[in-house]
Amino acid sequence: MLIDTDLLLSYGAKEQSFTPLEIVFNEGSTPRYYYQIVNGKIKLNHYNGDGKELILAILTSGFSVCELLLFIDKKYPVNAVVIEECKILKLPKTDFEKMLDENHTLSRDINKFLSERLYYKYIMLENNLSTHAEVRILGVLDYYKSFSPNQTLYSYEVLLTRQQLASMIGMRVETVIRTVKKLEKQNKLEIRRGKIYI
DNA sequence: CCATTAAATGGCC
DNA sequence: GGCCATTTAATGG
């Protein structure tokens with residue numbers, strides 16, 4: 001996890017429960033809290049002009065939720081929507097700042113975390129600008145697998161639906177379904193019971 | 001069982 | 001590749 005649970009609690013973080021479809025925060029609102037997922041799953045999304053959903057990230061246990069907004073004076077550019085029952089630690093911005101001031105190694109850890117995120121944003125952007133669906137999809141899959149301790153082929157189960165994958169790369173479900181099957185024939189991944197293993 | 005949701009297919013542009 | 005319709009498979013009450 002990004003920040004030690006006990007440290008967060010000692011600065012006054014409170015745990016809050018959420019059920020699927022609940023909103024943690026809305027696009028356009030002012031960031032006032034640091035959020036860290038204890039368990040469950042949250043997506044960051046945005047709806048473009050055509051009403052099509054764009055998913056910017058799907059976050060799970062241990063991840064913070066859009067923490068970068070606590071360092072700049074901007075509104076949230078995305079919604080945070082719960083997609084699997086969640087427990088979240090919530091720490092007011094002022095307490096978060098106090099915690100950083102008093103814990104310099106923590107500041108460095110957060111720098112590292114933010115840098116890594118930004119780095120992957122470059123990679124993802126490069127992939128998503130490809131005209132090839134295979135490149136875009138593999139880009140997302142490789143990104144998720146990069147967090148897995150086991151890097152063996154077909155060892156990582158992708159916990160994303162085809163629809164979510166599609167919304168992450170700006171393509172349609174049908175395209176994802178067909179491309180994933182094509183990738184299976186190329187031995188880039190494996191499909192078992194509809195689940196993708198890479 | 002039935003309802004719901006996800007995955008898969010095929011036709012057409 | 002997208003869009004639409006339809007079928008198939010899996011899941012949960």
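Here is how names work: the chains are called A, B, and so on, in the same order as the sequence lines, proteins then strands, and each is numbered from 1. Just so you know, these numbers come straight off a predicted model, no measurement behind them.
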How close or far is atom C1' of B:dA6 from atom CD of A:Glu84, stated in whole angstroms?
14 Å
Does some side-chain heavy atom of A:Tyr120 sit less than 4.5 Å from a side-chain heavy atom of A:Ser146?
yes
Contact under 4.0 Å: A:Thr175 side-chain N or O vs C:dG2 OP1/OP2:
yes
Whole angstroms only, please: what is the CG-P distance between A:Asn128 and C:dG1?
12 Å
Rounded to the nearest angstrom, tell me the gap between atom NZ in A:Lys182 and atom C1' in B:dT9.
16 Å
A:Glu53 CD to C:dG2 P, in whole Å, measures 16 Å
Of all heavy-atom pairs linking A:Glu27 and A:Asn45, the shortest is OE1-O, 4.3 Å
When only distance counts, do a donor and an acceptor, one from the side chain of A:Arg178 and one from the base of B:dG10, lie under 3.5 Å apart?
yes
Whole angstrom is fine here: how far is it from CD in A:Gln163 over to C1' in C:dC3?
13 Å
State whether A:Glu102 and A:Lys98 are salt-bridged, where the test is any N-O pair (Lys NZ or Arg NE/NH1/NH2 against Asp/Glu carboxylate O) under 4.0 Å.
yes
Nucleotide C:dT7, atom C1' - distance to CD1 of A:Ile177 in whole Å
12 Å
Between A:Phe63 and A:Phe147, does the ring centre distance come in under 6.0 Å?
yes
Between A:Arg162 and B:dA7, is there a contact of a side-chain N or O with OP1 or OP2 at under 4.0 Å?
yes
Residue closer to the 5' end of DNA chain C, A:His132 versus A:Arg193 (nearest nucleotide)
A:His132
Expressed in angstrom and rounded to an integer, what is the separation of A:Ile196 atom CD1 from B:dA7 atom C1'?
10 Å
Integer-rounded Å distance: B:dC12 C1' and A:Glu174 CD
13 Å
Given A:Thr30 and A:Lys75, is the side-chain hydrogen bond (donor to acceptor under 3.5 Å, both in side chains) satisfied, shown in steps?
CA-CA 5 Å; A:Thr30 304; A:Lys75 310 287 190 188; 2.7 Å; yes
Return the nearest nucleotide to the side chain of A:Met171; candidates are B:dA8, B:dA6, C:dG2.
C:dG2
Students often get this wrong, so: under 4.0 angstrom with heavy atoms, is A:Thr179 touching a base, only sugar-phosphate, or nothing?
nothing
Is there a side-chain polar atom (N or O) of A:Arg172 under 4.0 Å from OP1 or OP2 of C:dC3?
yes
Among B:dT9, C:dG1, B:dA8, the one nearest any side-chain atom of A:Ile191 is B:dA8
Do the side-chain N or O atoms of A:Lys52 get closer than 4.0 angstrom to the phosphate oxygens (OP1, OP2) of C:dG2?
no
